[in-house]
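Here is the structure we will look at.
The structure presented is a predicted model; accordingly, all values stated were derived computationally and were not measured.
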Amino acid sequence: MFLWALFLIALTASYLSFQSFVDSGSRYFSASWGGIQWEKQVRNSAKIHRSGDGVVGLDNFNNYYDPSLKKARKSMLNDHGVFIVEGDINDAKLLDKLFDVVAFTHVMHLAAQAGVRYAMENPQSYVHSNIAGLVTLLEACKMANPQPSIVWASSSSVYGLNDKVPFSELDRTDSPASLYAATKKAGEEITHTYNHIYGLSITGLRFFTVYGPWGRPDMAYFSFTRNILQGKPITVYRGKNRVDLARDFTYIDDIVKGCLGSLDTSAKSTGSGGKKKGPAPYRIFNLGNTSPVTVPTLVDILERHLKVKAKRNIVDMPGNGDVPFTHANISLARRELGYKPTTDLQTGLRKFVRWYLSYYGYNNRVSKTVN
């Protein structure tokens, strides 16, 4: 009986090993990356051009919001010679392969599970993307030779329940109001650790309510526009004592300038093969517009640009992690990066509405109804 038991154990182990081989093989052959042609596309995209740096993108095209909008962005970037790899930052083998194909000098890490309220529905997605994904990326960067300089997207949400304004990089950030904010705060602590131990040059950017063309449909300005055009009511939250919520809305072009300034001024990492050779810079900057605007004023501006009155449903803000206001102090970014936002909300929303009407095919319909 003992020999039969050993035989069954060995047979089971053999089967599991074979099944594991089959599973890994099927994953390999079904992967959307790899191969000679794929490597050629990556190298061509990463080549430095007369018009600027070589860039390779990475996106998992998840369905948190309409993937067709993401695919449209991909198509536009492809028209400009930027190859977008379809994959996840948690895929360590993919990241290792990319660094093996190209010796990247910089990494601009913008991938994250965004949104404050969705964290109450799907908290694991925030841990998966914002913490586990960040660590997977940092592990790949620390082992790369040469190590790249890293610029990554933190968030103004790390200021949490602070009531001192404007928010400064020197303010405490230990009272997050949402899981999303907590994962971004965790990201700042994690990146500091990798900077300290492995010599990675790291810059964190605290974005303040980014908006504009090609933006996220789950954000208020985007969903307000959609509902106003469709004749549906919009929900406008207000804070305690009926105080209007306010946000430091920052136009996408200004954010891009701040990102480029961060990349251009980032020093080299000092490690090699996972070993630190000397101290490397660790920086954090606010990227905002410095001019908070109330949400009702945002709706007023949209009404003027759309030439349609909104059906407003005013309700008290629920306890979902939103904060009553944000306001950026950008003096450090101005001094170190030459960062200077130039687009006010009136101008930025006009550009967004023009894009929205064109992209979703409202131009003809709207011109017939408002003329």
Mutual orientation of the aromatic rings belonging to F249 and Y211 [parallel < 30°, tilted 30-60°, perpendicular > 60°]
perpendicular
Is any side-chain N of the basic residue among K184 and E188 closer than 4.0 Å to the acidic one's carboxylate O?
no
Heavy-atom nearest pair, L337 first then G258, reads CD1-O, 4.1 Å
Work out which heavy atom in H49 is nearest to a heavy atom in N44; give both atom names and the distance.
NE2-O, 3.9 Å
When you measure from the side chain of S45 to the backbone of V55, do you find a donor-acceptor pair of N or O atoms at a distance under 3.5 Å?
yes
Verify the distance criterion only: is there a donor paired with an acceptor across the side chains of D344 and T347 at less than 3.5 Å?
yes
Can a donor-acceptor pair be found, under 3.5 Å and without considering hydrogens, that links the side chain of E169 to the backbone of N286?
yes
Pair C259-V151, side-chain contact (heavy atoms from CB on, under 4.5 Å): steps then yes or no
CA-CA 8 Å; C259 291; V151 177; 5.7 Å; no
Checking side-chain polar atoms at under 3.5 Å, does T183 have a donor or acceptor matched by the opposite partner on N130?
yes
State whether a side-chain donor-acceptor pair under 3.5 Å links S266 with R283.
no
For Y198, does the six-membered ring have the charged nitrogen or CZ of K275 within the cation-pi criterion, i.e. under 6.0 angstrom from the centroid and within 45° of the normal?
no
Quick check against the 3.5 Å criterion: does D248 have a side-chain atom that pairs as donor or acceptor with the backbone of N289?
yes
Any salt bridge linking K93 with D91? Criterion: basic side-chain nitrogen under 4.0 Å from a carboxylate oxygen.
no
K276 and I197: side-chain contact (heavy atoms from CB on, under 4.5 Å), yes or no, with the steps?
CA-CA 7 Å; K276 178 180 175 181; I197 297 177; over 6 Å; no
Donor-acceptor pair, S75 side chain versus K71 backbone, under 3.5 Å?
no
Flag this pair as yes if the NZ/CZ of R206 is under 6.0 angstrom from the six-membered ring centre of F167 and inside a 45 degree cone about the axis; otherwise no.
no
Correct closest heavy-atom pair for S262 and L205 would be OG-CD2, 3.2 Å
Is the ring pair W38/F83 parallel, tilted or perpendicular, if the boundaries are 30 and 60 degrees?
perpendicular
Could you check whether any side-chain N or O of S223 sits under 3.5 Å from a backbone N or O of A220, counting only pairs where one atom can act as donor and the other as acceptor?
yes
Going through the checks in order, is the side-chain contact (heavy atoms from CB on, under 4.5 Å) test met by C141 and V107?
CA-CA 8 Å; C141 291; V107 167; 4.0 Å; yes
Check the orientation of H109 and W152. Use parallel for under 30°, tilted for 30 to 60°, and perpendicular for over 60°.
parallel
Considering the options F224, F222, Y251, which one meets the ring pair (Phe, Tyr, Trp, His ring centres under 6.0 Å) requirement together with F352?
F222
Could you tell me whether the side chain of R216 and the main chain of V210 form a donor-acceptor pair under 3.5 Å?
no
So, D171 side chain and Y159 main chain: donor-acceptor pair closer than 3.5 Å or not?
no
To check you understand the geometry: which heavy-atom pair defines the closest contact between P148 and L200, and what is its length?
O-CD2, 4.0 Å
Please say whether the positively charged group of K70, taken as NZ for Lys or CZ for Arg, lies over the ring of Y65, i.e. under 6.0 angstrom from the six-membered ring centre and within 45 degrees of the axis.
yes
Taking S358 for its side chain and W355 for its backbone only, find out whether a donor-acceptor pair lies under 3.5 Å.
no
Return yes if a side-chain donor-acceptor contact under 3.5 Å exists between K185 and T173, otherwise no.
yes
Any chance you could measure I255, atom CD1, to F208, atom CZ, to the nearest 0.5 Å?
9.5 Å
Any chance the side chains of Y282 and T191 put a donor and an acceptor closer than 3.5 Å?
yes
Would a line drawn from the ring center of F285 to the ring center of Y339 be shorter than 6.0 Å?
no
Over 12 foreign heavy atoms within 6.0 Å of CG, N313
yes
Is a side-chain donor or acceptor of Y194 paired with a backbone partner of S201 at a separation under 3.5 angstrom?
no
